[in-house]
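Below is one structure, written out as structure tokens; the observations come after it.
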Amino acid sequence: ATKSEEAKKRDKSREETPRQLRNLQKEKVMRINKVILSLILMCIGLPTAASNPDDLSQETTDSVFVAQNATEIFCSLPKQILELIPTRLRRDMTDYYLQADSIHKVTNNLGGTSHLIDLTDDYLKVQVTDVSTMEIKMLPFKEQQIAAVVYTICGEAADSKFSFFDEYTQELKSEKFFKAPQLKDFFSIPRGSLTTMKEIEQMVEFCTIEYRLNASDNSLHAYLTIDKHINQDDYNIIKLFMLDSLVYDWNGKKYITRKQ
């Protein structure tokens, strides 16, 4: 019986040895992978498990540019947002305006001229081309700031694009901060009127809206600019019910419609 028990122990030992070896090999591979991963993260500048969070925070604070005002947002906007005016020329424009109290016209990438129209600490307006402008307004958001940016092309009818950027000039999702108006929002039709909203929508093939930021406060105005691209007789009818503009106020988190 004793020999039988010893034989069973030897057999069990033989079974466990390969399993233990496999576990050791697995642990060794995991350690090697962990070291390789740490080296890769260090090479591309990401934190590793051994990094000191305080050191990382200090390094990030020292190396990442944070825009503090409208001028810095304007000068650091990505090329794809303001391709017509190179960064170097943007800095020349703001330097002349702030330091020499002079409007400095620069040659943009279309061969035309660009110049600043207005510039304060939290607001900037620039004539990008003969038919386009850009406005920037710094807005308080939580414990920091974001920038509202309106780019308007004044062709047959003025039409604007509305964007938002954080302090690092990274574009944000605009729908989080502003709900774009619909055509019906620009009309007030009295009850019993012969003209209906459905008829107005049929008259207006496409909707163009001009947005204007306010230099003196954080309000926003939206204007319906359809008069140049619809039948004049139709426009004479619908303008009887059309609001002059929609006004929005910034509440610290988003733009909300001001009650008429």
Side-chain angles (χ1 to χ4, degrees), residues 59-155 158-174 176-178 209-223 247-250 252-255:
E59 181 181 349
T60 303
T61 302
D62 292 343
S63 60
V64 176
F65 174 76
V66 179
Q68 301 291 333
N69 51 50
T71 294
E72 293 178 353
I73 288 287
F74 174 64
C75 291
S76 58
L77 280 174
K79 180 181 178 181
Q80 64 270 23
I81 303 299
L82 189 54
E83 188 174 3
L84 293 181
I85 310 176
T87 301
R88 173 180 56 81
L89 297 182
R90 298 181 214 172
R91 295 189 184 282
D92 287 345
M93 294 164 70
T94 56
D95 286 347
Y96 271 92
Y97 198 100
L98 294 172
Q99 298 175 19
D101 194 23
S102 172
I103 296 177
H104 179 56
K105 293 185 177 182
V106 301
T107 302
N108 58 48
N109 288 342
L110 286 179
T113 59
S114 304
H115 66 274
L116 288 173
I117 298 173
D118 193 7
L119 177 59
T120 63
D121 190 56
D122 66 352
Y123 176 81
L124 179 148
K125 185 173 183 179
V126 57
Q127 189 78 44
V128 181
T129 69
D130 291 342
V131 295
S132 62
T133 61
M134 174 179 277
E135 288 182 288
I136 298 173
K137 180 68 177 182
M138 303 300 292
L139 301 168
F141 180 69
K142 297 181 179 179
E143 296 182 356
Q144 49 188 324
Q145 295 185 100
I146 62 173
V149 178
V150 172
Y151 194 98
T152 301
I153 297 178
C154 300
D159 197 23
S160 300
K161 179 185 177 183
F162 204 178
S163 307
F164 292 86
F165 293 83
D166 65 15
E167 294 172 310
Y168 309 101
T169 58
Q170 298 295 313
E171 189 165 3
L172 305 169
K173 292 182 178 180
S174 60
K176 290 180 60 178
F177 308 101
F178 177 65
I209 301 172
E210 179 185 6
Y211 297 118
R212 297 179 193 171
L213 296 165
N214 197 322
S216 58
D217 60 32
N218 294 334
S219 65
L220 165 73
H221 290 248
Y223 299 86
V247 184
Y248 298 84
D249 294 307
W250 180 255
K253 295 181 180 179
K254 60 182 179 180
Y255 277 109

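The figures that follow rest on heavy atoms only: side chains count, while hydrogens, waters and symmetry mates do not.
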Could you check Y97 against H115 for side chain to side chain contact (heavy atoms under 4.5 Å, CB included), going step by step and ending with a plain yes or no?
CA-CA 10 Å; Y97 198 100; H115 66 274; over 6 Å; no

So that I can tick it off, tell me whether R212 and E210 are bridged by a salt bridge, with the cut-off set at under 4.0 angstrom between side-chain N and carboxylate O.
yes

Looking at [atom1] of [X] and [atom2] of [Y], how far apart are the two atoms once the value is rounded to the nearest 0.5 Å?
X    : Y    : atom1 : atom2 : value
M134 : S163 : CE    : OG    : 7.5 Å
L213 : K125 : CG    : NZ    : 9.5 Å
S76  : R91  : OG    : CZ    : 7.5 Å
Y211 : H221 : OH    : NE2   : 13.5 Å
Q68  : Q145 : CD    : CD    : 7.0 Å
N214 : E135 : CG    : CD    : 9.0 Å

Minimum heavy-atom separation for A158 and T152, please, with both atom names.
CB-CG2, 4.2 Å

Closest non-hydrogen contact found for S132 with Y151 is OG-OH, 3.5 Å

Determine whether the aromatic ring centres of F141 and F164 lie less than 6.0 Å apart.
no

Note, [X] side chain near [Y] side chain (heavy atom, < 4.5 Å):
X    : Y    : value
I81  : E171 : yes
M93  : I85  : yes
L77  : I136 : yes
I103 : L116 : no
D122 : K137 : yes
W250 : P140 : yes
S114 : L84  : no
N108 : V128 : no

May I ask you to decide if I146's main-chain N or O and D166's side chain share a donor-acceptor pair within less than 3.5 Å?
no

N109 (side chain) donor-acceptor with E83 (main chain) under 3.5 angstrom:
yes

With Y248, which of F177, F178, F162 fulfils ring pair (Phe, Tyr, Trp, His ring centres under 6.0 Å)?
F178

Derivation of the side chain to side chain contact (heavy atoms under 4.5 Å, CB included) call for T71 and L119
CA-CA 8 Å; T71 294; L119 177 59; 3.4 Å; yes

Which residues pass the side chain to side chain contact (heavy atoms under 4.5 Å, CB included) test with Q99, sequence neighbours left out?
D95

Quick one, V126 with R90, criterion side chain to side chain contact (heavy atoms under 4.5 Å, CB included). Give me CA distance, side-chain angles, the key distance, then yes/no.
CA-CA 10 Å; V126 57; R90 298 181 214 172; over 6 Å; no

For side chain to side chain contact (heavy atoms under 4.5 Å, CB included), just list the numbers for D249 and N218, CA-CA rounded to whole Å, side-chain angles, deciding distance to a tenth of an Å, and then say yes or no.
CA-CA 6 Å; D249 294 307; N218 294 334; over 6 Å; no

Near Y96 OH, under 6.0 Å, is it more than 12 heavy atoms from other residues, nucleotides or ligands?
no

